[in-house]
Student: 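Take this structure first; my questions come after.
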Amino acid sequence: MRIEEKIVAQIQSALKELFSVEAESGKLSLQPTRKEFEGDFTLVVFPFVKLARKSPEETARLIGEYVKENMDEIQSFNIIKGFLNFALHDKVWTGFLSDAVAEKEYGVAKRDDTDVSVVEYSSPNTNKPLHLGHIRNNLLGYSIAQIMEASGKKTIKVNLVNDRGIHICKSMVAWIKWGNGETPESTGKKGDKLVGDYYVRFETELRKEAQALKDSHNYDDDIARNNAPLMVEAREMLRSWEKGDEETVKVWKMMNQWVYKGFDSTYQRLGVSFEKIYYESDTYLLGKEIVLEGLEKGFLFKKEDGSIWADLTDEGLDQKLLLRADGTSVYMTQDIGTAQLRFDDYNATQMIYVVGNEQNYHFDVLKKVLKKLGKEYSDSLYHLSYGMVELPQGKMKSREGTVVDADDLMDEMYSTARKTTEELGKVEGFTEEEKENLFDTIGLGALKYFILKVDPKKNMLFNPAESIDFNGNTGPFIQYTHARIRSILRKAAEKGLMEKEFDSTVVTLNDKEKQLLKTLYAFPQTIRQAASEMSPAMIANYVYDLAKEFNQFYHEHSVLNEPDLNISLFRVQLSLLTAGVVKTAMGLLGINVPERM
RNA sequence: GGUUCCGUAGCUCAGCUGGAUAGAGCAACAGCCUUCUAAGCUGUGGGUCGCAGGUUCGAAUCCUGCCGGAAUCACCA
């Protein structure tokens with residue numbers, strides 16, 4: 001039982017015995033005492049003063065005395081206005097340290113295999129390379145999955161690749177027309193970049209054609225675009241793909257393979273992975289069956305032209321098309337199919353979609369349509385909606401060339417890390433391979449932390465002109481703290497201090513030690529909260545706080561030069577746990593921590 | 001126009017289901033390396049928490065209305 005639960009139980013019986021008050025569990029929340037005050041846990045007594053018919057101070061005093069009387073762990077209490085602060089004996093904290101160090105991975109909950117979350121993230125189109133927006137998506141998705149897993153759920157990471165549709169056909173048309181048989185091998189270009197180039201080429205040429213039509217026929221923008229020969233060709237190619245035309249499918253497969261290879265290298269470098277990859281070309285027909293079945297059961301309705309719709313007006317939304325008159329499916333249809341598939345594949349208790357907030361409406365509708373179709377799992381769908389990454393001049397626009405490419409960005413982070421590290425003269429005695437690993441770890445750590453520390457639902461700003469910081473509230477700061485601790489621990493090991501236990505009954509804690517222990521103590525509940533709120537930012541802020549606490553402790557007290565052996569041993573264990581938590585927490589963000597830097 | 005989200009220091013962001021004097025980092029200024037890694041530590045300055053009401057013993061936090069910004073409201077995905 002956690003210590004604060006014990007205290008709460010005591011407070012409950014105190015209220016009952018002293019004032020005959022049955023405390024509502026909601027009102028009885030114990031919180032960590034703020035740093036400026038003395039004590040470890042605080043009870044706000046204001047909610048009870050009316051019922052106690054006593055002053056806040058008197059109420060607090062009576063409760064405090066009762067609890068202290070009944071709990072050995074309580075060393076003392078003090079009262080400031082209506083705040084009752086309990087202070088624990090130091091040995092409670094040092095005992096916690098011993099217990100936590102003994103755990104295999106402190107903070108990580110045991111896994112419950114019956115509670116399965118499927119996290120979909122990334123979900124790229126195969127006509128363009130990945131950019132900064134995808135990076136936020138990928139980092140969020142990967143991190144959320146790690147956090148859920150650490151909170152005790154079985155978590156499956158999946159990717160849904162949008163490998164079919166008009167956008168792919170555009171790249172294909174352009175490549176066939178102007179490609180001269182170019183391949184990634186012949187050009188030395190990454191496959192996703194090559195295919196992206198043809199997509200851009202298509203759009204450029206299309207714009208020219210559309211402009212010509214506007215000039216000659218006086219068409220509107222839309223009509224001109226849709227009637228341009230290239231567009232006609234792309235649509236023709238989509239039809240021929242859907243018919244399964246051999247030559248078309250061959251080109252499609254080939255170009256998609258190029259893209260996958262390119263994506264794989266980006267994913268790998270970014271450090272994200274998937275247990276399963278779904279392809280829309282495999283799943284897009286599944287939704288159709290469900291929709292037709294729903295029509296039969298009378299959940300949906302058919303219009304005169306033969307198109308099939310869901311009526312959501314009773315839910316405050318509109319009618320929504322699910323199948324076109326010609327029987328082809330739309331985006332929503334596909335997602336109905338993939339939701340079902342995912343549910344069937346994993347018997348998921350929770351299905352999380354990491355998708356940008358521009359699709360809020362879509363997921364709202366998806367949930368309601370599934371409900372309408374009688375799918376009991378519709379409630380388990382959760383759209384993890386995140387905000388856009390904006391540049392100082394606003395959104396990224398490919399037309400204006402402001403798209404921040406994922407690979408380029410990682411390259412830049414690497415270079416900055418190298419430059420900074422070399423200037424600081426930190427890599428003497430490193431092999432070339434060690435150096436490369438370190439620059440990668442630091443560069444990516446800076447990038448990932450920068451993105452993940454922001455609340456997912458908020459839009460965030462990225463300024464390419466100012467490179468991401470390495471000082472202050474940053475990934476490298478935390479990595480540095482870890483490296484520092486590891487350095488101490490290496491030396492402690494040389495001195496043979498690692499295996500020895502300290503005597504927890506004789507250690508008197510100073511402020512920094514106690515603060516550090518309290519922060520470490522909060523790690524498991526931070527994971528739980530981050531999981532329930534699906535917020536890696538909570539982990540990021542926590543680990544920053546922890547690193548800061550350690551640096552303050554480090555600055556004021558020495559671990560190895562401490563003359564009292566028992567205290568030195570205690571501090572070694574304290575450092576060991578801190579390093580472990582930093583590493584675990586950063587791991588939940590997908591960030592590696594170096595041994596030296 | 002409807003719906004959803006956001007608005008906290010010059011800038012980038014924390015602030016948990018309401019609790020004590022609203023916090024960090026960056027930038028500015030001033031200190032600290034014969035001591036376990038100075039990518040660090042300490043200090044100074046900087047705020048009508050968008051505005052106005054309301055609920056409450058208590059509101060940055062909850063409710064309502066405005067103001068400002070974003071997204072969305074497709075037989076695109």
Side-chain angles (χ1 to χ4, degrees), chain A residues 26 29 31 33-34 36-37 42 44-47 49-50 56 80-83 85 123 125 162 164-167 280 305 307 309 316-318 320-326 328-332 334-335 356-362 364-365 385 387-388 390 394-395 417 420-421 423-424 426 442 446 450 453-455 457-463 466 469-481 483-492 525-526 529-530 532-533 535 537-538 540-542 544-545 547-548 550-552 554-562 568 571-572 575 596-597:
Chain A
S29 77
Q31 46 199 283
T33 303
R34 294 180 55 141
E36 321 74 283
F37 301 97
T42 297
V44 183
V45 300
F46 290 116
V49 296
K50 235 178 224 170
I80 300 168
K81 291 194 269 181
F83 296 89
N85 303 316
S123 319
N125 290 351
N162 182 13
R164 63 170 283 278
I166 192 74
H167 46 287
E280 279 192 10
D305 65 355
S307 57
W309 296 69
L317 298 177
D318 244 331
K320 187 73 192 175
L321 176 87
L322 298 180
L323 273 183
R324 295 188 186 101
D326 65 2
T328 57
S329 54
V330 293
Y331 180 41
M332 188 63 70
Q334 296 171 19
D335 268 2
N357 62 11
E358 75 266 12
Q359 294 194 34
N360 284 353
Y361 180 74
H362 172 76
D364 206 15
V365 171
S385 160
M388 302 288 99
E390 287 168 353
K395 287 182 73 170
T420 310
T421 307
E423 273 170 13
L424 289 166
K426 296 267 187 176
I442 296 174
F450 179 83
K453 76 171 176 183
V454 180
D455 181 349
K457 69 171 181 271
K458 290 188 178 177
N459 286 358
M460 63 173 293
L461 185 84
F462 176 81
N463 189 346
E466 305 169 7
D469 243 304
F470 284 19
N471 298 319
N473 188 356
T474 66
F477 166 82
I478 297 161
Q479 291 172 322
Y480 174 70
T481 306
R484 255 182 167 181
I485 302 174
R486 296 304 307 174
S487 171
I488 294 173
L489 295 174
R490 278 192 300 272
K491 288 179 176 144
Q525 67 218 47
T526 303
Q529 205 178 341
S532 76
E533 295 186 22
S535 173
M538 297 194 64
N541 287 309
Y542 169 81
Y544 170 64
D545 199 42
K548 224 168 33 155
F550 186 85
N551 280 323
Q552 287 171 17
Y554 177 94
H555 186 255
E556 285 183 32
H557 308 285
S558 182
V559 176
L560 301 173
N561 299 327
E562 166 58 43
S568 184
R571 289 181 183 164
V572 167
S575 302
R596 293 185 293 155
M597 72 181 271

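Lettering follows sequence order; numbering is per chain, from 1.
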Student: So if I define the base as every atom that isn't primed, P, OP1 or OP2, how would nucleotides 10-20 of chain B read as a B/S/- string at a heavy-atom cutoff under 4.0 Å?
Tutor: --SSS-B--BB

Student: Which is true for A/Glu280 with a 4.0 Å heavy-atom rule: it touches a base, it touches only sugar-phosphate, or it touches nothing?
Tutor: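 Sugar-phosphate contact only.
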
Student: Nearest-Å distance, CG (A/Asn357) to P (B/rC73)?
Tutor: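 Checked: the CG to P distance equals 12 Å.
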
Student: Looking at every strand, decide which applies to A/Leu323 at a 4.0 Å heavy-atom threshold: base, sugar-phosphate, or nothing.
Tutor: nothing

Student: Do A/Leu322 and A/Val330 come within less than 4.5 Å of each other through their side chains, counting heavy atoms only?
Tutor: no

Student: Could you state the atom-to-atom distance from NE2 of A/His555 to C1' of B/rC36 in whole Å?
Tutor: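 Taking NE2 of A/His555 and C1' of B/rC36, I get 13 Å after rounding.
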
Student: Could you tell me the separation between the OH atom of A/Tyr361 and the C1' atom of B/rU4, rounded to a whole number of Å?
Tutor: 12 Å

Student: Using a heavy-atom cut-off of 4.0 Å across all strands, would you classify A/Asp326 as base, sugar-phosphate, or nothing?
Tutor: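 Contact class for A/Asp326: none.
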
Student: Send over the distance from A/Arg164 CZ to B/rA77 P, rounded to a whole Å.
Tutor: 7 Å

Student: So what does A/Tyr331 touch, heavy atoms closer than 4.0 Å: a base, only the sugar-phosphate, or nothing?
Tutor: base

Student: Between A/Gln359 (CD) and B/rA74 (P), how many Å, whole number?
Tutor: 14 Å

Student: Using a heavy-atom cut-off of 4.0 Å across all strands, would you classify A/Lys426 as base, sugar-phosphate, or nothing?
Tutor: base

Student: Can you list the stems that include RNA chain B, where a stem is three or more consecutive Watson-Crick or G-U pairs with distances under 3.5 Å?
Tutor: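 RNA chain B forms these stems: B:1-7 with B:67-73, B:10-13 with B:23-26, B:28-32 with B:40-44, B:50-54 with B:62-66.
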
Student: Can you tell me whether the side chain of A/Thr481 and the base of B/rA39 have a donor-acceptor pair closer than 3.5 Å?
Tutor: no

Student: With side chains defined as the heavy atoms from C-beta onward, is the minimum distance between A/Tyr331 and A/Asn162 less than 4.5 Å?
Tutor: no

Student: State the CD-CG distance between A/Glu280 and A/Asp335, to the nearest 0.5 angstrom.
Tutor: 7.0 Å

Student: Please classify the nucleic acid contact of A/Thr421 as base, sugar-phosphate, or nothing, using heavy-atom distances under 4.0 Å.
Tutor: base

Student: Taking only the side-chain heavy atoms of A/Met597 (C-beta and beyond), determine which of B/rC75, B/rC26, B/rA39 contains the nearest atom.
Tutor: B/rA39

Student: Consider the side chain of A/Ala483, meaning its heavy atoms from C-beta on, and name the nucleotide among B/rA77, B/rA39, B/rU37 that approaches it most closely.
Tutor: B/rU37

Student: From CE of A/Met388 over to P of B/rG7, roughly how many Å is that when rounded to an integer?
Tutor: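 Rounded to the whole Å, the gap is 17 Å.
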
Student: Using a cut-off of 4.0 Å on non-hydrogen atoms, how would the nucleic acid contact of A/Asp305 be classed: base, sugar-phosphate, or nothing?
Tutor: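 Result for A/Asp305 = base.
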
Student: What is the distance, to the nearest angstrom, from the OH atom on A/Tyr480 to the C1' atom on B/rC36?
Tutor: 11 Å

Student: With syn defined as a glycosidic torsion within 90 degrees of 0 and anti otherwise, which applies to B/rC33?
Tutor: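 Syn, since the glycosidic angle lies within 90° of 0.
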
Student: How close or far is atom C1' of B/rU3 from atom NE2 of A/His362, stated in whole angstroms?
Tutor: 17 Å

Student: Can you tell me if A/Thr328 uses its side chain to pair, donor with acceptor, with the backbone of A/Arg324 under 3.5 Å?
Tutor: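 Side chain of A/Thr328 to backbone of A/Arg324: no pair is present.
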
Student: If we ignore angles and hydrogens, is there a donor and acceptor under 3.5 Å between the side chains of A/Asn360 and A/Ser385?
Tutor: yes

Student: With a 4.5 Å cut-off on side-chain heavy atoms, are A/Tyr480 and A/Lys426 touching?
Tutor: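 A/Lys426 reaches A/Tyr480 side chain to side chain.
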
